[in-house]
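Notes for the one structure printed next.
These numbers come from a predicted model, not from an experiment. Naming: A, B, ... by sequence-line order, numbering from 1 per chain.
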Amino acid sequence: MTQTGSKQMHEFGAGSHVRVRDDASLGHCRTPVYLRGQFGTIVSIAGRFKDPERLAYHKPGLPLQTLYRVRFDQNVLWPGYSGAAGDDIEADIFEHWLEPAGAAVTEAGVEGNP
Amino acid sequence: MSTHDHDHDHAPISDDSGPVSRFELLETAIRELLVEKGLFSPADIHAQIEATESRDPALGADLVARAWVDPGFKAQLIDNPRKTLGDMGIEVGGLAELQVVENTEDLHHVVVCTLCSCYPRMILGVPPAWYKSTAYRSRVVRDPRGVLHEFGIALPETTTVRVLDSTADLRFLVIPRRPSGTEGLDQSSLAQLVTRDSMIGTGEALDPGGRP
């Protein structure tokens, strides 16, 4: 995480394209499985909160983690989605579950940034 | 089955059905230990239960009605719910942050917690049973319009449906659309039109003409 100074407290800004890490979680975790590996856009920074993955095991939940509101396109999320074109879903995702969308695409061997 | 000729059973009246579950035992054991260690008292537990149960959708309905009649209040409520409510003597509490969103002709929010049952209890009290059901939680994220239709809401394609999944530390209160034909109503009459479901996004505010 790039918390090198006060201006760098948050890794992502509003409008950033991100991907939810496609990791498995050991134990308690607030990142829904249906969003893992999915691409979304940061709507806003919700604040800094205790890390639920540490809190669940009687730890103080520190350092605080930045929590983001992240928006996902329903038509991308669910193949065959039956709603309207603009429908979306927002969820709150902690910073350590997010990576830049560009990095994910490069790792996957696709040229250039989206 | 009893042998005589009526169909009720003769079990003693009890709050619980079936044997005590593992988690109930665990809860009781931990609660008793914490009381023994003096971290809190049984009176504290009852006070907290009472505080939680004292909040009910009427509080949310009052907030929505005031937001409808007072645009300045609505802006403050959306911009800084904790401070706005705190100024009114309503504590949001330390467990989660409250966010307030507004439904409009163009955008309809519907709230869910796919991971458990997170709910704006500080405003609406205890969530309805269906809110915690696996069916609602799993279906509303992938077929929100279908689920809304079952709740009696048919939205045009021109209205974007936004599902809010309360996955972490935020709780959401929806300000439903103010029904037409309510221009002459005062705040307390308007509050009567605001249903619990309309503040979750699975309903709309009542039509004043539709009420007895």
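Using a 4.5 Å cut-off between heavy atoms, B:S166 touches chain A through its backbone atoms (N, CA, C, O) alone. Contact of A:P32 with chain B is made through backbone and side chain together, with heavy-atom distances under 4.5 Å. Interface remark: A:F72 contributes no atoms to any contact with chain B (heavy atom separation under 4.5 Å). At a 4.5 Å heavy-atom cutoff, the contact between B:R145 and chain A is made by side-chain atoms alone.
If you tally non-hydrogen atom pairs under 4.5 Å between each of B:R162, B:H109, B:E157 and chain A, the highest count goes to B:R162. In terms of non-hydrogen atom pairs under 4.5 Å with chain B, the most contact-rich of A:R71, A:E90, A:R69 is A:E90.
For residues 58-69 of chain B, no residue pair satisfies the side chain to side chain donor-acceptor pair (under 3.5 Å) rule, not counting sequence neighbours.
The environment of CG in B:L95 is sparse: at most 12 heavy-atom neighbours from other residues, nucleotides or ligands sit within 6.0 Å. Around CG of A:L26, the count of heavy atoms belonging to other residues, nucleotides or ligands within 6.0 Å does not exceed 12. Heavy atoms of other residues, nucleotides or ligands lying less than 6.0 angstrom from CZ of B:R196 number more than 12. Other residues, nucleotides and ligands contribute more than 12 heavy atoms inside 6.0 Å of the OH atom of A:Y57. For B:H149, the NE2 atom sits in a loose shell: 12 or fewer heavy atoms of surrounding residues, nucleotides or ligands are nearer than 6.0 Å.
Proximity of A:F49 to B:E97: side-chain heavy atoms (C-beta onward) are separated by under 4.5 Å at one or more points.
Across B:L170 and A:A46, no two heavy atoms sit closer than the pair CD1-CB, 3.7 Å.
Listed for the A:Q74 side chain is a donor-acceptor partner under 3.5 Å among the backbone atoms of B:V141. Panel note: side chain B:T160, backbone A:D87; no donor-acceptor pair is recorded below 3.5 Å.
Rounding to the nearest 0.5 angstrom, the gap separating the CG atom in B:D143 from the CH2 atom in A:W78 is 10.5 Å. The distance from atom OH of A:Y34 to atom CG of B:D165, rounded to the nearest 0.5 Å, is 3.5 Å. To the nearest 0.5 Å, the span separating CZ on B:R142 from OG on A:S82 amounts to 9.5 Å. Annotation: the span from B:L107 atom CG to A:D88 atom CG amounts to 7.5 Å, rounded to 0.5 Å.
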Show every donor-acceptor pair shorter than 3.5 Å between a side-chain atom in residues 74-81 of chain B and any protein atom, with sequence neighbours excluded, or say none if there are none.
| unit_1 | atom_1 | unit_2 | atom_2 | d |
| --- | --- | --- | --- | --- |
| B:K74 | NZ | B:E102 | OE2 | 2.7 |
| B:N80 | OD1 | B:K83 | N | 3.2 |

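A salt bridge does not link B:D169 with A:R30: every distance from a Lys NZ or Arg NE/NH1/NH2 to an Asp or Glu carboxylate oxygen is 4.0 Å or more.
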